[in-house]
Engineer: 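Pasting a structure here, questions to come.
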Amino acid sequence: MREDVIEREIEGMLGLQERREKDSELYKIANEVFDRTTRETLAYLHKRDKIGALSGVISTGKEANVFAGVDGEGKRIAVKVYRTYTTEFRRMWEYLASDPRVGYLPKDMRKLVFVWTRREFKNLQRAMKYAVRIPEPEVFRNNVLVMEFIGDDSPAPRLKDVERELEGRDFEELYNTLMSVIERLWKRGEMVHGDLSEYNVLLHDDPVVIDWSQATVKRNRMSLELLRRDIRNVVNYFARKGVRTYDPDEKFRELAGI
């Protein structure tokens, strides 16, 4: 795709064709993380109406940024863009190498990120199949993942960001919900999230579990370690909030069957 065509597509998504607000937060972050590969990918998805426009930044991180936007029909979406070159290379490699669903791993960092993005898309599909509330995945290409937007006019907050507004009964309900998520994933879906915590739960109508990049299947040699981590994260957090919780080691042994 020609450079000038790509640039017009990107400016269209960022809403810069009529108002050149190149000092905006959206433009600054986009300019930082949108390398040529990412721009070509976004232009491809834009041309096919999978992404109509990007309207703001939901979150930024070491390995990815998430943007709010709409598709070609005006439906709200979230667009996760993985950095094609990231300091998280070793962590990605370790997770992918241990996953029995992943075959050959490319040595090229950019292509490894493509595998990582596809894996998160598949993890979201699998979790949804087993009735876990997640951002419904729409489409992925290379290092870009398009998902359901969680929220109303603004993105739904993380549990960590609104915990001061919650009461004891709220915490009890959330604890039961998240422990049910862990059990349902493990027993029925034969998978584990691997990083379940107050930072990866959005509060909307129901709790929504996000960030499925590290999730994996029970056959993975790392799965028991990740299961133990999820249980401890959830139990320890809610115990600090005054909820009567399971003993994390007993719950782990119960689910792991050991």
Side-chain angles (χ1 to χ4, degrees), residues 1-61 63-84 86 110-111 113-129 132-158 202 204-206 208-213:
M1 189 177 292
R2 284 171 43 191
E3 190 71 34
D4 59 334
V5 174
I6 294 172
E7 191 62 29
R8 284 199 302 273
E9 295 283 350
I10 296 300
E11 289 197 348
M13 275 187 284
L14 298 178
L16 298 174
Q17 289 176 319
E18 296 180 358
R19 49 181 183 83
R20 297 271 176 170
E21 297 177 359
K22 296 202 173 185
D23 59 341
S24 68
E25 179 188 16
L26 177 59
Y27 185 85
K28 286 179 180 177
I29 294 177
N31 198 46
E32 174 191 347
V33 301
F34 290 1
D35 60 10
R36 181 176 177 81
T37 297
T38 302
R39 287 174 175 267
E40 289 178 348
T41 302
L42 290 169
Y44 177 92
L45 293 169
H46 183 56
K47 189 174 286 292
R48 285 155 183 78
D49 286 335
K50 302 301 182 181
I51 302 175
L54 299 180
S55 56
V57 181
I58 296 176
S59 66
T60 61
E63 68 178 30
N65 295 308
V66 182
F67 301 91
V70 293
D71 65 14
E73 297 180 351
K75 183 177 102 175
R76 300 290 295 277
I77 55 173
V79 181
K80 189 169 187 176
V81 179
Y82 276 99
R83 299 171 188 265
T84 53
T86 172
R110 182 173 56 94
K111 292 181 179 178
V113 171
F114 295 172
V115 176
W116 187 256
T117 306
R118 181 177 71 242
R119 182 170 178 262
E120 178 162 19
F121 182 84
K122 297 296 185 182
N123 284 337
L124 286 164
Q125 287 185 318
R126 185 169 183 140
M128 187 171 63
K129 180 179 178 181
V132 175
R133 182 70 175 98
I134 50 95
E136 185 173 346
E138 300 288 344
V139 67
F140 77 96
R141 182 176 175 85
N142 295 335
N143 61 317
V144 178
L145 171 60
V146 180
M147 301 173 286
E148 173 191 4
F149 177 86
I150 305 298
D152 297 314
D153 294 333
S154 58
R158 301 177 304 172
L202 303 182
H204 192 39
D205 297 328
D206 296 310
V208 181
V209 181
I210 62 171
D211 195 0
W212 289 81
S213 60

Engineer: Please confirm whether R118 makes a cation-pi placement over F114, using NZ or CZ under 6.0 Å from the six-membered ring centre and within 45° of the ring normal.
Structural biologist: no
Engineer: Would you say the side chain of R83 lies within less than 4.5 Å of the side chain of N65, judging by non-hydrogen atoms?
Structural biologist: yes
Engineer: Can you confirm whether S213 sits close enough to N123 that some side-chain heavy atom of one is under 4.5 Å from a side-chain heavy atom of the other?
Structural biologist: no
Engineer: So, taking the atom named CD1 in I150 and the one named CD1 in I134, what distance separates them when rounded to the nearest 0.5 Å?
Structural biologist: 8.0 Å
Engineer: Taking atom CG of N143 and atom CZ of F34, what is their separation to the nearest 0.5 Å?
Structural biologist: 9.5 Å
Engineer: Where is the tightest heavy-atom contact between A156 and L202, given as atom of each residue plus distance?
Structural biologist: O-CD2, 3.7 Å
Engineer: I need the W212 CH2 to R126 CZ distance, nearest 0.5 Å.
Structural biologist: 11.0 Å
Engineer: Check this for me, if you would: do D49 and K75 make a salt bridge, where the nitrogen-to-carboxylate-oxygen distance has to be below 4.0 angstrom?
Structural biologist: no
Engineer: As an exercise, state the distance from CD1 of I51 to CD of E138, rounded to the nearest 0.5 Å.
Structural biologist: 11.0 Å
Engineer: Taking all atoms of both residues into account, what is the closest heavy-atom pair of P135 and L124, and its distance?
Structural biologist: O-CD2, 3.8 Å
Engineer: Could you check if a side-chain atom of L54 sits within less than 4.5 angstrom of a side-chain atom of H46, using non-hydrogen atoms only?
Structural biologist: no
Engineer: Does the side chain to side chain contact (heavy atoms under 4.5 Å, CB included) test come out yes or no for V144 and T117, once each step is laid out?
Structural biologist: CA-CA 7 Å; V144 178; T117 306; over 6 Å; no
Engineer: Nearest 0.5 Å, please: how far is OG in S59 from CD1 in I210?
Structural biologist: 7.0 Å
Engineer: Quick check for you: to the nearest 0.5 Å, what is the distance between E73 atom CD and K50 atom NZ?
Structural biologist: 9.0 Å
Engineer: Can you tell me how the ring of Y82 sits relative to the ring of W116, calling it parallel under 30°, perpendicular over 60° and tilted otherwise?
Structural biologist: perpendicular
Engineer: Walk me through whether R76 and D152 qualify under salt bridge (charged side-chain N to carboxylate O under 4.0 Å, His left out).
Structural biologist: CA-CA 9 Å; R76 300 290 295 277; D152 297 314; over 6 Å; no
Engineer: Under the criterion side chain to side chain donor-acceptor pair (under 3.5 Å), which of T84, N142, D35 is the partner of T41?
Structural biologist: N142
